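Heads up: the structure comes next, in structure tokens.
Every value quoted in this text rests on a predicted model; they were computed, and no experiment measured them.
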Amino acid sequence: MDSPWWRDAVVYEIYVRSFADASGDGVGDLPGVRERLPYLRSLGVDAVWLTPFYPSPMADGGYDVADYRGVDPLFGTLADFEALVHDAHELGLKVLVDVVPNHSSSEHPWFRDALRGVGRDRYLFRDRPNNWQSTFSGPAWTQSADGQWYLHLFAPEQPDFNWRNPEVHAEFLDILRFWLDRGVDGFRIDVAMGLYKAEGLPDVEDQAFASVSPIWGRPEVHAVYRDWRALLDSYPGERMAVGEVWTDDPADLALYVRPDELHQSFNFSWLQAPWSPAAFRKVIDDTLKTVPFATWVLSNHDVVRHRTRYGTDDPGTGLARARAGLLMMLALPGSVYLYQGEELGLPEVTDLPPESRQDPVFKRSKGELPGRDGCRVPLPWTPDGASYGFSADGVAPWLPQPDEFRTLNARSQADDPGSTLEFYRRALACRRELARSVPYALEWLESPQGALFFSRGSLTCAVNCGSDPVLLPPHESVLLSSGPVEDGVLPPDTAAWLRTS
Ligand code: GLC
């Protein structure tokens, strides 16, 4: 029997606000996504994940949901969503949507009721706050008009649900059903390790993300995912769920992907690893040892783009490493999550004017933390126009775009064999071809200082993270490389796929 589609799928994250704007208001939307589905098909991905497009006051870019069963007019209509799913399926693309179960918007009818004293137990109200801090900086508690305080692990506009109240549990099962009935192939679960907090909400000594603490990764959360799995399994067509689980312990991560829980969880240790063969090897070994089906991710809408992470001082080095990193990631067993714009080699935009920044992290830290706007700059599609083809002509995008988008846009890169876009297309096509013949198991080969060589059947991947060129291992042919490879020599910051017998 064929293995389920998600086990080795390449999923492309669409941060909807910044992907493509069809309505001409400067903000990306669902019709914009729909128009660009052929681009994604030709890029060669298997699925898209749409970040929240639900009605929202947009205090956190839509991760503050006021109605879990609708579409915000900023992003379109439910009919637009249905048309998008229809077209995606016609093109053979699966569609995942984001579900945000840790908190709602403060504009959600339940929270408005709670403020009036109705159904307050759906949230976490207390007479006195504890010492927890919000992930977006500042205290995690805000006082309501009648004197009680409510918990928000993120912005004050994002009150945390009380998952010990069965009504919350039932409501989310119903929300999942709503979208499953509209044909979605699965869910990305926001803050999947955060739903339950320790009874009594005790003070903490150190609030850094940890495997199990009073705040994150409570064992009670697993019963929720067992129920969600049963629901997903009751639908035809291998519907799936991937959890956003931040933890520093791979064994803890493994708990979320037990056979009766989530299908996948993001593997953030991969994007946290520095450009170092030892660090990469450790993450690969830990991952393959602990989870049944691995996932890999280098960038998303919450982290500095990996081109910039890998080479802050020298953009050329950053891009070379980003391309090599992609090839290494695509050679690993399991599934891969890409973030929009990485196929164009986009860097983090680090010089956004403070007045244009919109991330609550920037605002709440009073500008001390830059926040995440730098990886959310609207995509460039064409070399000209007020927004490089993101919006209608003459319309300014919701965040300003840098001048280098004049060359980094999709149209300028299309059909240029040296471009990052064409490199991604080739790599994804090659991976698709190899998928059937390459086994899951990975074998390490002896490699020179600074390099990593591994093989899966007849595919060998060689990556040079060091500063000196290295000799490639024995091979029949070079299938693909992230930079020039000549005479059997792999230059620094370069990766190659080799066919071996
Ligand atoms: C997740 C999202 C992030 C959001 C936060 C609160 O980490 O990826 O963008 O700000 O949850 O919902």
Side-chain angles (χ1 to χ4, degrees), residues 13 49 51-52 60 63-65 96-104 123-124 130 132-136 140 151-155 158-165 168-169 172-173 175-176 186-202 204-229 232 240-272 283 286-287 290-297 300-303 337 361 372:
E13 178 189 356
W49 146 32
T51 57
D60 182 22
Y63 280 96
D64 47 321
V65 181
L96 310 183
V97 298
D98 227 303
V99 57
V100 187
N102 180 66
H103 45 266
S104 71
Y123 294 90
L124 293 163
N130 64 12
W132 296 2
Q133 294 294 298
S134 150
T135 308
F136 290 168
L151 177 73
H152 51 86
L153 291 181
F154 296 89
Q158 293 168 296
D160 279 47
F161 283 115
N162 172 19
W163 270 86
R164 296 184 194 278
N165 180 339
V168 174
H169 197 113
F172 272 91
L173 280 170
I175 291 165
L176 298 185
F187 299 95
R188 177 266 188 188
I189 304 167
D190 191 62
V191 196
M193 73 302 179
L195 277 41
Y196 282 82
K197 286 84 189 170
E199 294 272 20
L201 308 179
V204 290
E205 270 172 38
D206 171 9
Q207 196 185 313
F209 278 157
S211 301
V212 177
S213 84
I215 310 179
W216 309 107
R218 302 290 309 165
E220 297 92 317
V221 80
H222 295 288
V224 173
Y225 299 137
R226 280 193 280 274
D227 282 358
W228 289 17
R229 177 62 177 255
L232 289 162
M240 58 81 73
V242 52
E244 185 205 21
V245 180
W246 290 93
T247 171
D248 43 23
D249 178 356
D252 184 44
L253 200 63
L255 297 178
Y256 290 80
V257 291
R258 285 176 287 192
D260 58 347
E261 294 198 32
L262 304 181
H263 301 72
Q264 294 180 337
S265 119
F266 292 119
N267 187 2
F268 292 122
S269 50
W270 184 245
L271 66 70
Q272 286 167 325
V283 176
D286 285 350
T287 303
T290 44
V291 300
F293 301 103
T295 68
W296 311 96
V297 61
N300 67 29
H301 67 283
D302 290 327
V303 301
Y337 283 79
V361 171
R372 302 160 293 177

Steps toward side-chain contact (heavy atoms from CB on, under 4.5 Å) verdict (Thr287, Trp270): CA-CA 9 Å; Thr287 303; Trp270 184 245; over 6 Å; no
CA sep, side-chain torsions, deciding dist, call: Thr247, Trp216, side-chain contact (heavy atoms from CB on, under 4.5 Å): CA-CA 9 Å; Thr247 171; Trp216 309 107; over 6 Å; no
Using 0.5 Å steps for rounding, measure from the [atom1] atom of [X] to the [atom2] atom of [Y].
{"X": "Trp246", "Y": "Ser269", "atom1": "CH2", "atom2": "OG", "value": "10.0 Å"}
{"X": "Thr135", "Y": "Asp302", "atom1": "OG1", "atom2": "CG", "value": "10.5 Å"}
{"X": "Leu255", "Y": "Leu262", "atom1": "CG", "atom2": "CG", "value": "11.0 Å"}
{"X": "Phe187", "Y": "Leu232", "atom1": "CZ", "atom2": "CG", "value": "6.5 Å"}

side-chain contact (heavy atoms from CB on, under 4.5 Å) between Phe136 and Asp60, worked out: CA-CA 10 Å; Phe136 290 168; Asp60 182 22; 3.6 Å; yes
Backbone of Pro101 reached by a side-chain donor or acceptor of Trp163 within 3.5 Å: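 It does hold such a pair.
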Under 3.5 Å: donor-acceptor pair, side chain of Gln158, backbone of Ala155: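 Indeed, once roles are kept as given, a pair shorter than 3.5 Å links the two residues.
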At their closest point, which heavy atom of [X] faces which heavy atom of [Y], and how far apart are they?
{"X": "Glu13", "Y": "Thr51", "value": "OE2-CG2, 3.3 Å"}
{"X": "Arg218", "Y": "His222", "value": "O-CD2, 4.4 Å"}
{"X": "Val297", "Y": "Asn267", "value": "CG1-O, 3.9 Å"}
{"X": "Ala192", "Y": "Gly243", "value": "CB-CA, 3.9 Å"}

Full working for side-chain contact (heavy atoms from CB on, under 4.5 Å) between Met240 and Leu96: CA-CA 8 Å; Met240 58 81 73; Leu96 310 183; 3.7 Å; yes
Please tell me if the side chains of [X] and [Y] come closer than 4.5 Å, counting only heavy atoms from C-beta onward.
{"X": "Phe154", "Y": "Asp64", "answer": "no"}
{"X": "Lys197", "Y": "Leu151", "answer": "yes"}
{"X": "Met193", "Y": "Val221", "answer": "no"}
{"X": "Val204", "Y": "Ser213", "answer": "no"}
{"X": "Asn102", "Y": "Asp160", "answer": "yes"}
{"X": "Tyr225", "Y": "Ser265", "answer": "no"}
{"X": "Trp228", "Y": "Val99", "answer": "yes"}
{"X": "Leu253", "Y": "Thr290", "answer": "no"}

Near-ring test His103/Phe161, centroid separation under 6.0 angstrom: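 Not close enough - the centres of the two rings lie 6.0 Å or further apart.
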Tell me every residue that passes salt bridge (Lys or Arg N to Asp or Glu O under 4.0 Å) with [X], counting only those two or more places apart in sequence or in another chain.
{"X": "Glu199", "answer": "Arg164"}
{"X": "Glu244", "answer": "Arg188"}
{"X": "Asp227", "answer": "none"}

Applying side-chain hydrogen bond (donor to acceptor under 3.5 Å, both in side chains), name anything that partners [X], two or more places apart in sequence or on another chain.
{"X": "Asp286", "value": "Lys282"}
{"X": "Tyr337", "value": "Gln264"}
{"X": "Trp49", "value": "Asp98"}

Electrostatic pair Arg229:Asp260 at N-O distance under 4.0 angstrom: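 No, Arg229 and Asp260 are not salt-bridged.
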Ring geometry between Phe268 and Phe266 (parallel below 30°, tilted from 30 to 60°, perpendicular above 60°): tilted
